[in-house]
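Here's the structure we're looking at; comments come further down.
Quick note: numbers below take in every heavy atom, side chains included, and nothing from hydrogens, waters or symmetry partners.
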Amino acid sequence: MENYELNLTDISSNYFHFTKSNNIESITKSGLLSKISFHAQSLEDTKKVFFC
């Protein structure tokens with residue numbers, strides 16, 4: 001994984017996943033894992049990864 005400085009072109013041509021910085025090591029090792037978050041357990045039936 002690499003750090004990347006966003007520019008205005010990125011907004012219309014890419015998807016983004018926002019996370020807490022303490023998750024970076026796990027994402028680097030395992031990638032993004034689909035899960036039902038603690039806060040969505042009563043709302044979701046299937047595991048997901050959300051992008052903005």
Side-chain angles (χ1 to χ4, degrees):
M1 186 176 337
E2 64 185 69
N3 289 330
Y4 179 79
E5 190 168 326
L6 296 175
N7 61 57
L8 291 177
T9 305
D10 294 320
I11 300 300
S12 61
S13 61
N14 292 287
Y15 293 95
F16 303 95
H17 175 78
F18 296 90
T19 191
K20 294 179 180 178
S21 58
N22 62 338
N23 292 333
I24 299 296
E25 184 178 345
S26 172
I27 292 170
T28 301
K29 287 182 182 178
S30 306
L32 289 174
L33 303 175
S34 58
K35 294 183 178 182
I36 299 175
S37 73
F38 172 78
H39 299 290
Q41 288 179 355
S42 62
L43 304 170
E44 297 289 343
D45 293 328
T46 58
K47 299 175 181 179
K48 296 173 181 66
V49 174
F50 288 95
F51 292 90
C52 303

With sequence neighbours excluded, what pairs up with Glu25 under the salt bridge (charged side-chain N to carboxylate O under 4.0 Å, His left out) test? Lys29

Only counting residues at least two apart or in another chain, list the ones meeting side-chain contact (heavy atoms from CB on, under 4.5 Å) with Ser42. none

Listed partners of Ser34 passing side-chain contact (heavy atoms from CB on, under 4.5 Å), at least two apart: Lys47, Val49

Leu6: side-chain contact (heavy atoms from CB on, under 4.5 Å) partners, not counting sequence neighbours: Tyr4, Asp10, Phe16

Inter-residue atom distance Thr9.OG1 - Asn14.CG, 0.5 Å rounding: 9.5 Å

So, using salt bridge (charged side-chain N to carboxylate O under 4.0 Å, His left out) as the criterion, who are the partners of Lys20 when residues are at least two apart? none

Pairwise distance OG(Ser13) to CG(Asn7) - rounded to 0.5 angstrom: 8.0 Å

Results of side-chain contact (heavy atoms from CB on, under 4.5 Å) for Ile11 - residues two or more places apart only: none

Nearest 0.5 Å, what's the CD1-CG distance between Ile27 and Leu33? 8.5 Å

